[in-house]
Amino acid sequence: MMSDRVERLLLTQEIADFLYAEAELLDERRYEEWLALLADDIRYWMPMRRNVKFGEDGREFTREKSDINWFDEGKETLARRVKQIRTGIHWAEEPRSRLSHMVSNVQVLGAEPSYAAPEEVSVKCRFLIYRNRVETETDIFVGKREDLLRRAGEGWMVARRKIILDQNVLLSKNLTFFI
Amino acid sequence: MMSDRVERLLLTQEIADFLYAEAELLDERRYEEWLALLADDIRYWMPMRRNVKFGEDGREFTREKSDINWFDEGKETLARRVKQIRTGIHWAEEPRSRLSHMVSNVQVLGAEPSYAAPEEVSVKCRFLIYRNRVETETDIFVGKREDLLRRAGEGWMVARRKIILDQNVLLSKNLTFFI
Amino acid sequence: MMSDRVERLLLTQEIADFLYAEAELLDERRYEEWLALLADDIRYWMPMRRNVKFGEDGREFTREKSDINWFDEGKETLARRVKQIRTGIHWAEEPRSRLSHMVSNVQVLGAEPSYAAPEEVSVKCRFLIYRNRVETETDIFVGKREDLLRRAGEGWMVARRKIILDQNVLLSKNLTFFI
Amino acid sequence: MNGTKGYHPGLVDLDSGEISREIFVNADIYAEEQERVFARAWLHVGHESQIPKPGDYFVSSMGEESVILTRDRTGAIHVFLNSCRHRGMKVCRYDEGSTTVFTCPYHGWSYGTDGRLVGVPYFREAYHAKLDKEKRGLVEVAQLCNYKGSIWANWDKAAPSFQEYLGDFTRYLDLQLDGWDGREAQAELLGGVQKWLVPCNWKFPAENFSGDTYHNISHRSVDLAGIGPSGRSRRDLGERDISRKLHVCIPDRGHQTILYLMPPGEPTPPAYQNAPIVQEYFAHCEAEKRRRRGDYGRFVGAPGEVFPNTALLSRQPRTMAVWHPRGPNQTEVWRWFFVDRDAPSEVKEFLRDYYIRYSGPAGMTEQDDMENWNYAHKASQGVIARRHPYSYEQGMGTAVQDFEWQGLKVPGDVIDITEVQSSEQPMRNLYRRWSEFMAADSWADLATWRRNDRTAAE
Amino acid sequence: MNGTKGYHPGLVDLDSGEISREIFVNADIYAEEQERVFARAWLHVGHESQIPKPGDYFVSSMGEESVILTRDRTGAIHVFLNSCRHRGMKVCRYDEGSTTVFTCPYHGWSYGTDGRLVGVPYFREAYHAKLDKEKRGLVEVAQLCNYKGSIWANWDKAAPSFQEYLGDFTRYLDLQLDGWDGREAQAELLGGVQKWLVPCNWKFPAENFSGDTYHNISHRSVDLAGIGPSGRSRRDLGERDISRKLHVCIPDRGHQTILYLMPPGEPTPPAYQNAPIVQEYFAHCEAEKRRRRGDYGRFVGAPGEVFPNTALLSRQPRTMAVWHPRGPNQTEVWRWFFVDRDAPSEVKEFLRDYYIRYSGPAGMTEQDDMENWNYAHKASQGVIARRHPYSYEQGMGTAVQDFEWQGLKVPGDVIDITEVQSSEQPMRNLYRRWSEFMAADSWADLATWRRNDRTAAE
Amino acid sequence: MNGTKGYHPGLVDLDSGEISREIFVNADIYAEEQERVFARAWLHVGHESQIPKPGDYFVSSMGEESVILTRDRTGAIHVFLNSCRHRGMKVCRYDEGSTTVFTCPYHGWSYGTDGRLVGVPYFREAYHAKLDKEKRGLVEVAQLCNYKGSIWANWDKAAPSFQEYLGDFTRYLDLQLDGWDGREAQAELLGGVQKWLVPCNWKFPAENFSGDTYHNISHRSVDLAGIGPSGRSRRDLGERDISRKLHVCIPDRGHQTILYLMPPGEPTPPAYQNAPIVQEYFAHCEAEKRRRRGDYGRFVGAPGEVFPNTALLSRQPRTMAVWHPRGPNQTEVWRWFFVDRDAPSEVKEFLRDYYIRYSGPAGMTEQDDMENWNYAHKASQGVIARRHPYSYEQGMGTAVQDFEWQGLKVPGDVIDITEVQSSEQPMRNLYRRWSEFMAADSWADLATWRRNDRTAAE
Ligand code: FES
Ligand code: FES
Ligand code: FES
Ligand SMILES: [Fe+3]
Ligand SMILES: [Fe+3]
Ligand SMILES: [Fe+3]
C-alpha cells in the first residue's frame, strides 16, 4: 500500500524509537527491563583501538573473541553486571551515576528479508554518554554503535552490538555503565 | 486512513519538529517568539539532585513547589528573564553567549485523547546545551527534559517542562539561558 | 495522495537520512565518496565570530568572500584537502583522528518548488564533532549548520554549507576535518 | 604566574586603602590561607534541622575538605573529617541520610555516628588486637557550636569560643536565626542546599557580601526587568526611605554588615502590597518584634559576613552562604534558605519563589555578581595587573565608634551611609582581620581584644 | 595545596607504622620521585612477543615519558626515549608496527631501529658535515634486560643488573612468565594492551597489588553477583582451603607478593568444575609442575609487585600491570594479559573471557578498586587530612625470616596470613624501599645488600 | 615536572649550539619570562586601520594580559590594561567597537577613551571627593609607537624607542607594511583576526617563524596535494631560482628573517601564471618597487620575527602573527592578514582565498606546523628528556657581517643559504637575545649596542 520510500523512512523512525526507549531504560536504571530487550544469544563487543600507520587500518581494532577487548561478552555476564549494581555495594556505582545516553544519526543499513517485512535490521548510530557522579566527577563518551536488531512480536530485540568508542587510552577510570 | 503505527511515528516526527523549532528560537535569541510558545499556565521546573543511598531514590530530587530548586516558576518570571537580557546590561549575558541546544531521543510517551487526534502529548528527550562566551569560557550541560505539550491550532504549546540536569554540584557559575 | 503534513514529515526524515549518511562517510574516512555528494559549485563557508555590543549583531560574523574566515572555499580546495590526507604524511591527521559527527535538530526550513516535489531544500541542524587522536588529545566542537541541498536523481547533493561554530577564540590547534 | 612568594604585610595597606591583587591570585598565598585562616577560624557547617534524629547526617565542607555533620545515638552533634584513618577513603559519599555506622568501602573499617572506630575487620587476627582504636576514630573538629540551630566548627582548640569569636556581632546573626517577629531561633530551613562553582577567588564574594552597597548599579537590569514581589523593582524601597542605613564593622573580629536602623515608634512602611497575606504577616511580625525586642526591634538586617567565609542575609531573600575555597581561582558556593517556622504556607511559598528567582546561579540578581567576580579575578592575574593594587579608599577615616541615632547606640565601627550611599569600611575591616590571621602564629596573637583597651569594656 | 616542601625522612615512619599522606598528594615530592625513583629503578616496558621480527616496534612508557621498544635489523632489542634530538618532536606516534627507520615529522631527521641517527637532510650543505651524528642518536636506556620474554629497562647505568635487582624475588616473576606446567617462559601475550587513566597517585595501586588481602571485603558485590568460572564466587577457594597463604617480602629490594604454598604430595583440589577441558588442563599442568619444579612446584602465585610500579598476577586472571605516574593526582594503567602458549584454544578462550570481565576498567572486580583509589586520594589532599598519617600497623613485628612449612623454606620476610587473614608487611616493605630511593643520592647507597650481613649469604 | 628552579645562564649554550629543554617546559622560567621579557620588550598590539575613528577600540593582548587599543576623541592612540583600577573587573569585554567611555560593569567607574577616570558614582558622597582620579585612570603602557600603521607598545619606560629597538631590522618590517610597489604604508588589513590555541610553549612558533627553512620537508603533503595559486606546488619557486636566499640576523636586537635578494636589473620571474590579473599586478608592482626603492627594491621578504613574539610574513600569504603566552604549555596565536590597499579587487579576493587555505588552523600548510609544535613540546617535558638539550648547531660560525651581493650590502649577521639550504643562525640569534633579557636586571644592561663598537657605526 505504501511506497518503498515511505516504508524505509517509517522503519527508520520505528527503529529509532526502539533505540530511544532502550536508552531511557538505561538512564532510568530499569536494568531488568533492559535485559529483557537483549536476545539470549546477544554478543556485546567493544574493541580497543590503536594508532596505526596510514594504510594499516586492519590493525586498528582489537579482534572479537580472540584479543583482549573492553567488552566481549554475552547475556549471562551482562546479567551479572546488573546483579552487581543491584547489590547496593558496588562502590563504583554507589552512589549511582547520573547518566544520559544521547543517541543520534540513526541509520538503517539493511533489513532482511525486506524493508516491507523486516525480521532482522542492521542499524548504526552515534552515541554520546554523559556520566556525572558524586560531586563533580564527569565523563563524556562519544562513538558509534552497530546493532543487529531482531523482530520480536510487535517490537525488537538486540541480537548483536558492536561499540566503537572514539578513544585510544580510555580517558576514564572505569566503564561501569551499559552503552 | 493510516495505521496506528504510522500515526504514532508521524506524531513523534511532528513533535520533534516542534522541539527543534523551539531550540532554534532560543539559539537565535528570538526570545519573544519563544515565549509565545509557552502556555500562560506553564510550569518550568528544574530540581536539584542529591547523592542518596541505594533504595532511597525518593530523596534524589528536590520537590516542586516546596523545596528550593534551580528553577521552579511560571511564565511571568520567564518573561522577566527575557526582559532582563533585552536591557543590554545583563552582564552575565552581555556580551551574549553562543548557545546550541542539541535535542535528541525524542520519545512520545503518551497522547490524549488519542494518537490520531492528540490534544495533549507527553514527550521526553535528551538535551545537550553548549555554551561558549567571551573568549574561552565554555560549559556543557546534559540531561533529560519531560514536556507536556498542548495542541494550539496547527501547532503546539509547552504546558509544562521538567528539566533533569545530570549534575549534583552545578559545574557552572550561572544558568543564564533557557533549557 | 498523501497530505502535506505527511509529505513534509517524510521529506524531513529523508533529508535527515542524507545528512546521517554523509556524516557516516566522513567518520569512516570515505572522503572520495563524500566529495561525490558535493555540488561542483558548492560554497563551504565557516565564519569567525566576534563578541559585540548588544544591538550590533550585524558585526558578529566575518563576511563571506570579503573577510578572513575559518573556511571560505569551493570544491577544488576541499578536494585538495582530501588529497593531502591521502598522502599519508599529513602529520596533523597522521595517525588519523578518531571522529564522530553527531547531527541533531534536523529542520527543513524550505523546499523549492514545493514540498511535494522538492528540487532544492534548505536545512538547518546542530552538530557535535568529537575528535580524539594519538593518546589523550580530545576536542569537542559544537554549532549549527545551514545547508542548501539540491536534488540529484534519487538522492541529494550539498550545494552550499554555512557552518556556525560556537566559539570565539578557536579552542583547538587546528581544523583538519570536514564539518 | 606567581609574583611574590607567599603573604607579607605590605600586601594589605589600610593607610593608603590599597590592597594587592596578589592576595586574590597568588597560589602560594592561597596555600598559606588554608593553614592560617581555614584551619583556625570558625566555619559554618549547617543547620541542626538538617539532622533532626539520632543517626542523621549531612555531608558538608570546611575549607577545601569534606566533613560529616552528624547526630549520634545520644543526640549529640559532631563534625568529622570525611576521610578514613586507614587509607583515607572518603567514608561517606552521600549528601545526607541516616545511618548507625559509616562503613568505609575500601577495607571495611566502620565508625559510629560519634566518630568512634567501632569495627575493624580481623581486629583480633590481623591486628592481634593491638590497633589502638581510640586513636583511630574519625578526625573530629576541635570545637563545635550550635548557635540557635546553626552549626559552626573550628579545627583549632586554641581558638576562643564561637560567641567570644562573634563578639558584638551576635545580634546580627540573631537577625538571621530568630523569627521576624523577634522570637528566638525560629528560622526554618527550606529543603535543598544550592551548590555551584564560580571561577574566582573566595574573597570576591566574601567582600561583596560584607556590605558592598556600591555595586547596586550592576543590578540595574533586574530593576528594569522587575523582580520584586511588591511589584516595585526592589521590595525594600519603602523602609529605605525612613530608616538609617549603616555599615557596621566589629573591629578585631573581622565581621561586618549592612544594617537598617528604623526610627522608634514609627511603624515600618508597608511592603508586598501585591500580596496581602504576606504584607499582613510582616506587618504583624514587625509589631511583635518591636514589642519583644524593644529598641533593638528597630534593627533590620541586610547582607553581612562572619569572618572569614560565611555570608548572612537576614532580610528577604533570607539566606546564608559559605564561600568554600577550591583553589586560588575557584570557589564553591553553598546556599541555605530560611523562612519563619510558623509563617503561613502562603507566605513560605511566596518567599520561596522570590528567593529562587533572586538568588544563586539561576537568580536574576546574583547571576551578574558571579559574572563580575569571574572577570575581576581573571583580569587581575597578569604581571602588570599585579603591580596595581585595588582601591579600598571609600569613606576612609569616616567611621565612628558608639554611633547613636534616636536613642539607640550601635556598637562597632559605624558609618552612616544613608546619605553617602556607600563605604568600603566593611572590606577594610575584613582584610585587616584577614591579614592578622595570615601574620599570626597562634590564637594568642589573634585574640587581640583580650589585651585591648577599647574592647576591654566587653 | 602543598604542605611540606618535598620529601623528608619523617614522612615514612615504620616504627609507628604511620605514613604521611604527603607522599601521595604533595606535588614537590612527586617531582622528586620522577628523578629519584623512576629515573633509577628498573621499569617494565613490554614483552618480546610484541616485537617478534626485526623492525618491529611497540611504543611504551617509562615513568611519565614515551619510549620505543624496538628490535633492530640484527634482532637486538632496544628501548629509546621517543623524542627527537633536534627539537624534541615525538618521532613515533603509532602504538606499534614495523619499520626500517623512524623519520621525524618536523625536519626529517631519521633514526635506525638501533637508534642511530642515519638521516639528516642537507647534512653536507646545512651542517657542512659537521654534526656529530654519533652523539645525536635516540636517547637509549642505560640498561635493558630481557627476562624470559619480559623486557625491563633502567635509565641509570650505576644500577645493578635486573637479576641482582630482583634478588630472591626472581622465582615469583618466574611464576608469571613460565608455563603453568613449570616449563620456562611459556607465557603468551593476548592481543591488546589495556590503557586507562585513574585519578589517584600511582602508589595506591602499587600498594594494593603488593598484597592487599585486607580489601577483599570491598569486592563483596562481585561475590554476590558471581563472576568465577567455577560457578563459585571465587575460582580459587579450593586451594585456599588446604594451602598456607603467605605474605612474602624481599627486604632491601622492595618487592613483595602474596604466595599460596601447597602441601607436598597432595594434589591441588579441582577448580573450574563447570569447564571440564579447563579443569583437566590445569590438573595436568599442576602435576607436570610438581614433577618439573619439585618442591617449588608447591608455589602458587598471586598478586605481587616488583618495585616500584610493576604488578604481577601470576594466577588467573594472569596479567602484568604498570602504574605510570601522570602527575601527583593521576595514574595511567597499562595491562598485559597472558595465557600458556601451548594451552588448548578452548582454555585460552575460556580464560580470556574471565580476564575481561574481572580486570581493568570494565572488570567487575577492579572497577571498585579504581573507585576506592580515586576517593582515598581525593579525601587526602586537604590541610587537615595531611596532618593525619595513614595506618600501616597491621601485623607489625610478626614477620619471620627463613619461614618453613612442611620441609620447604621460603626466603624473605614472611608472614603466614592463613589464619590472621592479612598483614601490611608488604606495604611497609614497599614504602621502606621507596623512602630509601627518595633519600639516597646514588645507587652506591641503594645497593644496601652488598654491605649487608643478613643478605651476605646470597 | 620541574627540573631546575628558574632561569640560569647554562641553559642557553651558543658555543656548543645546545639549548636546554627547560626553557620551553619549566614553569618557573615561564613565570620569570612574563616579568623579564614580556613586561620589558616591544609587543605588537594591532593596526591603526582597526580603529579608524575617534572612539574606536580593539581589544588586544600583551603577554598574558588583555589590553585595549583605542583612539581617543582627539584622535590620539592609546593602549591600556583592560582591568578596572577599583576591583580589577575587565572593563571591556567586546572584541571591538566604538564608544565614548568604558563603563565598568561591577561598580560603574567609567574611563574615557584616553584612559582618564571620568566617572565615579557617588564621588562626592561616598568618596567625599577625596579619591585621586588622576592616579586611578586605566593603566597605560609606558611607550607606544605607530610605525606605518602597525601599533607597538612597551610596559617599560626605560626601554629604547621602537625604532632604536628595531635597529637595522626596520627595512624588513617595511617590506611588511609598505605596498608591493614600494609605496609607504600601503598595507590594508583584511577583516577578521584569527585567534586560536596551540598546546605548546610560545617559543616553538617564535623560532619557526624566525626563519626555519629546514622544516619545509614537513610540508611535503601540501606540495603533493597542491595549494599554490600558480598551479605549482609553491607560488614562489620562480624567484627562488635566480635569487639569493639569505638568513639575516640583527645581532644585539634578537630580530631575524629570511630574505630573498634578487639580482639587479633582471625582472622578477613571472608567478601566478594561472591568474593573469594577479600576475600583471605583481609584475607592475615589482617594476614600480625597483624604480622607487632602487637597489633595495631587490629585497623580497619572507618569514621573520621581531623579538620576542611578533612574526612577519611580508610575501604571500602576507600576514603578521603574535604568539601570546598562555602558560608554559599553551600559546594563543593572533593572526592579521594584509593586502595592498590599492590592489584590484580581483587581486585581493585571489590572495584572500590563498591566505585562508594556507594559513592558520584550517590552513593546509600550517596545520602540520601546529602538530609538530604540540608534540615536540609534549615529548620534552619528562625528566629524561630535560637532560638532553636541543641541537642548534646548523651552520654555526658561518655567518658573515657586511654581506654583499652584486653591489648590495646587507647589514647584520648573514648566512647565504641558497646553496646550503638552511641554517640555525636565526634561532641562535633569537635565544641569545632571549637569555640577555632573562639575565639583565634593567634596560641599561639590555641596550648593549650603546656601548658596542660594532654597532657604533649606526
Ligand atoms: S581505607 Fe578505610 S578501611 Fe582502608
Ligand atoms: S625535531 Fe626532529 S628533525 Fe627537527
Ligand atoms: S571593579 Fe570596576 S568599578 Fe568596581
Ligand atoms: Fe549583588
Ligand atoms: Fe581489588
Ligand atoms: Fe611551516
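Computed over heavy atoms, backbone and side chain alike; hydrogens, waters and symmetry mates excluded. Below, chain A is the first sequence line, B the second, and so on; all start at residue 1.
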Nearest-0.5 Å distance that lies between atom OG1 in B/T138 and atom CG in C/L171: 5.0 Å
Shortest non-hydrogen contact between C/M102 and B/M102, atoms and distance: O-CE, 4.0 Å
For B/A21, is it the side chain, the backbone, both, or neither that has a heavy atom closer than 4.5 Å to a heavy atom of chain C? both
Has the side chain of C/N51 got a donor or acceptor atom that lies under 3.5 Å from a matching backbone atom of B/V134? yes
Lys/Arg N to Asp/Glu carboxylate O, B/R29 vs C/E60, below 4.0 Å: yes
Taking 4.0 angstrom as the limit, do C/R126 and B/D27 come out as a salt bridge? yes
I want to check something: taking the side chain as every heavy atom from C-beta on, are B/L99 and C/D166 in contact at a cut-off of under 4.5 Å? no
Kindly indicate whether the side chain of C/K53, heavy atoms from C-beta on, has any atom under 4.5 Å from the side chain of B/P95. no
In this structure, CD1 of B/I140 is separated from CD1 of C/I140 (nearest 0.5 Å) by 4.5 Å
B/Y20 OH to C/T12 OG1 distance, which is reported to the nearest 0.5 Å: 10.0 Å
Among C/K144, C/R8, C/Q13, which residue forms the greatest number of heavy-atom pairs with chain B at distances under 4.5 Å? C/K144
What part of C/Q107 lies closer than 4.5 angstrom to a heavy atom of chain B: side chain, backbone, both or neither? side chain
Option in C/L128, C/L170, C/L109 with maximal non-hydrogen atom pairs under 4.5 Å from chain B: C/L128
Engaged part of C/V108 at the chain B interface, taking heavy atoms whose separation is under 4.5 Å: neither
Under 4.5 Å to a heavy atom of chain B? For C/R50 that would be backbone
So, does B/E94 use its side chain to make a donor-acceptor pair with the main chain of C/F54 at under 3.5 Å? yes
Find the distance between OG (C/S104) and CG (B/L19) and round it off to the nearest 0.5 Å. 11.5 Å
Test item: C/N168 side-chain N/O and B/R133 main-chain N/O as donor-acceptor pair under 3.5 Å: no
Taking only Lys NZ, Arg NE, NH1 and NH2, and the carboxylate oxygens of Asp or Glu, determine whether B/E28 and C/K124 approach each other closer than 4.0 Å. yes
Polar side chain donor-acceptor pair, B/N132 to C/R49, under 3.5 angstrom: no
Salt-bridge contact B/R96-C/D57 (side-chain N to carboxylate O under 4.0 Å): yes
So which residue, B/E14, B/E24, B/R131, ends up with the most heavy-atom pairs under 4.5 Å with chain C? B/E24
Most contacts with chain C, counted as non-hydrogen pairs under 4.5 angstrom, among B/E93, B/E137, B/E154, B/H101: B/H101
